[in-house]
Amino acid sequence: MNKKKIFTFIFIGVLLLTLVVFVSYKNIRDNNSHQQTSTSPSSGNITTQSAASGTTVAPATTQNANTTIAQTQSPAATTLPAATTVESATEIKKPESKKEIIELYASAVNQVKSSAKSVANVYNNNENYEGIKNIGNNAVLEGLAKTLFGMFMVESNERTDYTSREDIIAHFPPLAVSTVSLTEAMFESATISDKGDSFEIFLKTSSTRENPELNPTQGSGAFGNAFSVLDLSVVTNSVKNFPVTLDGIALKYFEGTIKCVIDKTSGNIKTLEQYAPMIIHMDSVKMLAKIEGIDIGLAITDRWEVQF
């Protein structure tokens, strides 16, 4: 086979490889989504929830106004201050230490998994982390990778709702983990801010680009317990039917961040945003020829809304 044909074959192989990087992560989410669509169509949920949220405000104001009038006219109105006092007394105590903040977040996630009525993924962005797409220091192949990233790494505001307990456990981060366990050592920092009726928590993982969390699995480590991660087996299985050999694969996760809004009274999560950067490294990819030294940067941003 002449050099031109060999290069063409490698070119096609790298195209497949770059697609695998994107498709592997998406497959985890999409497979679950397809399985659940037949039982609970998300389009119906979205329409119903949007309509509900749009009509709640005005009636609530009217009811409150009517209640106030009735209470003004009736001696029973004197019981209102007691109700207000009880409501204030049930607010959870603001965490003071890093450990307490992490424990509050872990408890809130577990409450979502066990008790939330619905969760909605309202935003997703898959992007090339810091432009990292090194493919054997080959300018042509790296240009191909850049084109593919531009085609498939897109930002989406499409809302996807999950209402069954199975769906919520399967999709809300971390994927398919029913109970999370988080420790201080997993996080470099944990801060909390008072936002009136809510607390806003911000967490950052301890792993760094120089010392990443390698090949995490769901339910283990900081990323496996707090984020939805790409499993190494998904990458390898994606190319098992192609004449491609992947050597020295490492999924390097680092500097993940979490921003979460928690209701003060219930301790329930209102909104969640996660940012998980990673580098997919391969010592080599072998087809008819070998391409050595591959690094592809990927960063996933997800936003969620929760209803109890």
Side-chain angles (χ1 to χ4, degrees), residues 21-30 98 101-102 104-106 108-109 112-113 119-133 149-150 152-160 171-177 180 182-193 195 198-231 234 250-262 269-281 295-306:
V21 173
F22 173 71
V23 173
S24 294
Y25 179 81
K26 297 294 286 182
N27 276 347
I28 299 176
R29 308 163 70 97
D30 294 343
K98 176 182 175 183
I101 295 171
I102 294 169
L104 174 59
Y105 174 72
V109 172
V112 173
K113 297 284 188 172
V119 298
N121 185 203
V122 296
Y123 176 85
N124 177 257
N125 188 26
N126 306 297
E127 58 185 337
N128 182 206
Y129 176 73
E130 292 192 353
I132 298 173
K133 38 190 174 294
F149 269 85
F152 295 102
M153 296 295 173
V154 294
E155 185 178 28
S156 173
N157 289 298
E158 181 179 353
R159 180 189 180 96
T160 305
H171 291 273
F172 190 79
L175 285 172
V177 177
V180 304
L182 303 174
T183 66
E184 284 186 84
M186 294 177 180
F187 296 93
E188 174 189 296
S189 61
T191 59
I192 188 167
S193 302
K195 298 296 182 180
S198 304
F199 291 129
E200 184 177 84
I201 288 176
F202 185 83
L203 306 175
K204 183 177 181 180
T205 61
S206 297
S207 53
T208 63
R209 185 164 168 180
E210 294 73 26
N211 186 28
E213 190 170 329
L214 295 175
N215 304 329
T217 56
Q218 294 296 174
S220 67
F223 274 91
N225 264 296
F227 299 82
S228 298
V229 296
L230 172 62
D231 192 278
V234 176
L251 307 181
K252 304 177 180 182
Y253 281 87
F254 51 91
E255 297 177 3
T257 60
I258 297 169
K259 184 169 71 173
C260 180
V261 176
I262 296 177
I269 290 177
K270 292 181 174 181
T271 62
L272 173 68
E273 179 176 322
Q274 295 190 330
Y275 174 70
M278 66 179 297
I279 292 177
I280 302 177
H281 171 81
D295 288 294
I296 298 176
L298 182 63
I300 310 296
T301 301
D302 268 328
R303 292 177 192 153
W304 294 81
E305 294 178 356
V306 182

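Just so you know, residue 1 is the first one in the sequence shown, and it goes up from there.
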Is there a donor-acceptor pair closer than 3.5 Å between any side-chain N or O of [X] and the backbone N or O of [Y]?
{"X": "S220", "Y": "T217", "value": "yes"}
{"X": "S206", "Y": "A185", "value": "yes"}
{"X": "Q274", "Y": "A226", "value": "yes"}
{"X": "N121", "Y": "R303", "value": "yes"}
{"X": "E213", "Y": "S207", "value": "no"}

Are any of the side-chain heavy atoms of [X] and [Y] separated by less than 4.5 Å?
{"X": "V229", "Y": "N215", "result": "no"}
{"X": "F202", "Y": "C260", "result": "no"}
{"X": "V154", "Y": "S156", "result": "no"}
{"X": "V112", "Y": "V119", "result": "yes"}
{"X": "I300", "Y": "N124", "result": "yes"}
{"X": "P212", "Y": "Y253", "result": "no"}
{"X": "V177", "Y": "V180", "result": "yes"}
{"X": "T205", "Y": "F254", "result": "no"}

Only counting residues at least two apart or in another chain, list the ones meeting side-chain hydrogen bond (donor to acceptor under 3.5 Å, both in side chains) with K133. N128
Can you see which heavy atom on [X] is nearest to which on [Y], and at what distance?
{"X": "G224", "Y": "P174", "value": "O-CB, 3.6 Å"}
{"X": "G256", "Y": "F223", "value": "N-CZ, 3.6 Å"}
{"X": "E184", "Y": "I102", "value": "CA-CD1, 3.7 Å"}
{"X": "V261", "Y": "S198", "value": "CG1-CB, 3.7 Å"}
{"X": "G219", "Y": "N225", "value": "O-ND2, 3.2 Å"}
{"X": "I132", "Y": "D295", "value": "CG2-O, 3.7 Å"}

Charged N to carboxylate O under 4.0 angstrom, E305 versus R159?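 Answer for the salt bridge query: yes.
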I'd like to know if E130 and R209 make a salt bridge, using a cut-off of under 4.0 Å between side-chain N and carboxylate O.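 Between R209 and E130 there is a salt bridge, with a charged N closer than 4.0 Å to a carboxylate O.
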Will you find, in the side chains of E155 and Y123, an N or O donor that is under 3.5 Å from an N or O acceptor?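 Side chains of E155 and Y123: pair found under 3.5 Å.
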Without hydrogens or angle criteria, can the side chains of K98 and S189 be said to hold a donor-acceptor pair below 3.5 Å?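 The answer is no; no qualifying pair exists.
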Straight-line distance of [X] [atom1] to [Y] [atom2], nearest 0.5 Å:
{"X": "E255", "Y": "E210", "atom1": "CD", "atom2": "CD", "value": "7.0 Å"}
{"X": "F227", "Y": "L175", "atom1": "CZ", "atom2": "CG", "value": "12.5 Å"}
{"X": "K113", "Y": "I269", "atom1": "NZ", "atom2": "CD1", "value": "10.0 Å"}
{"X": "L251", "Y": "L214", "atom1": "CG", "atom2": "CG", "value": "8.5 Å"}
{"X": "D302", "Y": "E273", "atom1": "CG", "atom2": "CD", "value": "9.0 Å"}

Side chain to side chain contact (heavy atoms under 4.5 Å, CB included) assessment of L272 paired with V306: CA-CA 8 Å; L272 173 68; V306 182; 5.9 Å; no
From I258, N125, T257, residue fulfilling side chain to side chain contact (heavy atoms under 4.5 Å, CB included) relative to Y275: T257
Aromatic plane relationship, F172 with W304 - under 30° parallel, 30 to 60° tilted, over 60° perpendicular: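 The rings of W304 and F172 stand perpendicular, inter-plane angle above 60°.
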Dump the intermediate steps for side chain to side chain contact (heavy atoms under 4.5 Å, CB included) on I192 and I262, then the final yes or no. CA-CA 10 Å; I192 188 167; I262 296 177; over 6 Å; no
Please report the C-alpha distance between I279 and I296 in whole Å, then the side-chain angles of each, then the deciding distance to 0.1 Å, and finally whether the side chain to side chain contact (heavy atoms under 4.5 Å, CB included) criterion is met. CA-CA 6 Å; I279 292 177; I296 298 176; over 6 Å; no
Would K252 and M278 satisfy side chain to side chain contact (heavy atoms under 4.5 Å, CB included), going step by step from the backbone distance to the final call? CA-CA 5 Å; K252 304 177 180 182; M278 66 179 297; 5.9 Å; no
Between Y105 and F187, is the gap from one ring center to the other below 6.0 Å? no
